[in-house]
2 protein chains.
Amino acid sequence: MSDRRTEILKAATRVIARRGVRGLRVGELAQEAGVSTSLIYYHFTDRAGILRSTLEFISDRADRYTAEQSPQTRPDDPRADLEQVLLLELQDAPEVRENSTAWGELRASAVFEPDLREDLARATHTWVHEIADLLARADPLGTAPAHAAAAERLTALIEGLSVRWLSGCLPLDHARRLLEGAIDAELAAG
Amino acid sequence: MSDRRTEILKAATRVIARRGVRGLRVGELAQEAGVSTSLIYYHFTDRAGILRSTLEFISDRADRYTAEQSPQTRPDDPRADLEQVLLLELQDAPEVRENSTAWGELRASAVFEPDLREDLARATHTWVHEIADLLARADPLGTAPAHAAAAERLTALIEGLSVRWLSGCLPLDHARRLLEGAIDAELAAG
DNA sequence: GTCTATAATACGATAGAC
DNA sequence: GTCTATCGTATTATAGAC
């Protein structure tokens, strides 16, 4: 799964994280991937094809990304698990930043490009579901619908905090504290 | 205040809501506004100037928009006030949709264009402060820092729910219920 | 599958008349 | 202040060799 095509998709993710979806230039992508422009057209037909494939790639990678973290959780402290998984999205590690930026771009692009919505909705749903499960473990007395709603709120909040962070409106540590406060509020209310 | 310059800014807001900030073409803006391209450069110097002025315009209009709702609030029920003002951002009225879309675009663009950040941060701060005031009235026993944090969370959540709504991931009425739930959680925890 | 070279055009920006 | 006309270049996309 690490053929030339995949290399290009990885490069495209980096370029999108750096310049945004609409800032992606095929020429710059070619340079980043270390191939010629025409090879990109050979693999993806046109610019729209590049975007479609890359956004699919980002959704898939986001799924894998959170899935890989599961082994590190502690079964004896579900609340700490929850906090850990949620705070994972607000870190200054390059990979997290790249993923968050690309994901935010994907989300913002979908407002204008209905083609992207299906993948996006599916990936979002997977994420929400995962958080709802963790909430159910941290708060066994709550109902399933309450957990689902809290999960939707917490993930939407993370997306909101994330753009504020990435757009320089909110220091990272402050964003993290706000998220912790929201977890407190959700668990206290539930 | 409805001179040619303002006409162009209104047109710019419409184009941004339709195509996104990075989808805005000076030529298309000119057509939308019914003027020549060069007139736009006369008024705004360059593309960045258009964006800067339009962001300012959108922020001001958002302020006016919420300010206009103030007379309707009831001083005897501060919690209802709070809910009303927050839910204002999640409505299917054309003007709200246009403002939300444009605002979301500016937020997303600021991730890649540092020039936009200062105005954006200021407008965000104004909004957060306004919500913190309403929270203080709805929850007189809470502390000022707690109100500030809750206001940051609630406004960030609205932005997160708003993109999900506009990107077709979340039905509007569901988004509204989630926001109501968050207000409950914040007031219960505070 | 991958490259070099190039065509076609979209786009930002300016010149200059009125 | 507003227009028409145009320039320069950045960018998408294709042709054709290997």
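So you know, we letter chains A, B, ... as the sequences are listed, proteins then strands, and number each from 1.
Between the P atom of dT11(D) and the CG atom of L29(A) lies a distance of 13 Å, rounded to the nearest Å. As a whole-Å value, the separation of I50(B) CD1 from dA13(C) P is 8 Å. The distance from atom OH of Y42(A) to atom P of dA5(C) is 22 Å, rounded to the nearest whole Å. Rounded to a whole Å, the CG atom of D46(A) is 16 Å from the P atom of dT9(C). In this structure, I8(A) places its CD1 atom 10 Å from C1' of dG1(C), rounding to the nearest Å. Distance L24(B) CG to dA10(C) P: 17 Å, rounded to the nearest Å. Rounded to whole Å, atom C1' of dT2(C) lies 8 Å from atom NE2 of H43(A). Atom CD in Q31(B) sits about 12 Å away from atom P in dC11(C), given to the nearest Å.
At a threshold of 4.5 Å between non-hydrogen side-chain atoms, the residues E105(B) and L24(B) do not count as touching. Contact annotation: the side chain of L170(B) approaches that of L178(B) to within less than 4.5 Å [non-hydrogen atoms, C-beta and beyond].
Contact annotation for I40(A): no contact, since no heavy-atom pair falls under 4.0 Å across all strands.
The 5' end of DNA chain D is approached more closely, in terms of each residue's nearest nucleotide, by R5(B) than by the other of R5(B) and T37(B). Comparing G27(A) and S36(B), the nucleotide of DNA chain D nearest to each residue sits closer to the 5' end for S36(B).
No donor-acceptor distance shorter than 3.5 angstrom exists from the side chain of R122(A) to the backbone of S59(A), with no hydrogens or angles considered. Formation of a donor-acceptor pair under 3.5 Å by the R18(B) side chain with backbone atoms of T13(B) is not found in this model.
V128(B) and L161(A) fall into different hydrophobic clusters, defined by Ile, Leu, Val, Met, Phe, Trp and Tyr side-chain heavy atoms under 4.5 Å apart, directly or through other members.
OP1 or OP2 of dC11(C) has not a single side-chain nitrogen or oxygen of R47(B) nearer than 4.0 Å. Look at R25(B) and you'll find a side-chain N or O under 4.0 angstrom from OP1 or OP2 of dG12(C). Note on R4(B): a side-chain N or O is less than 4.0 Å away from OP1 or OP2 of dT2(D).
Candidate nucleotides dT2(D), dT2(C), dG12(C) were compared by shortest atom distance to the side chain of L39(B), and dT2(D) ranks first. Distances were taken from every side-chain heavy atom of Y41(B) (C-beta onward) to each of dA13(D), dT14(C), dT2(D); the shortest belongs to dT14(C). Checking dT2(C), dT14(D), dT4(D) against the side-chain heavy atoms of S38(A) singles out dT14(D) as nearest.
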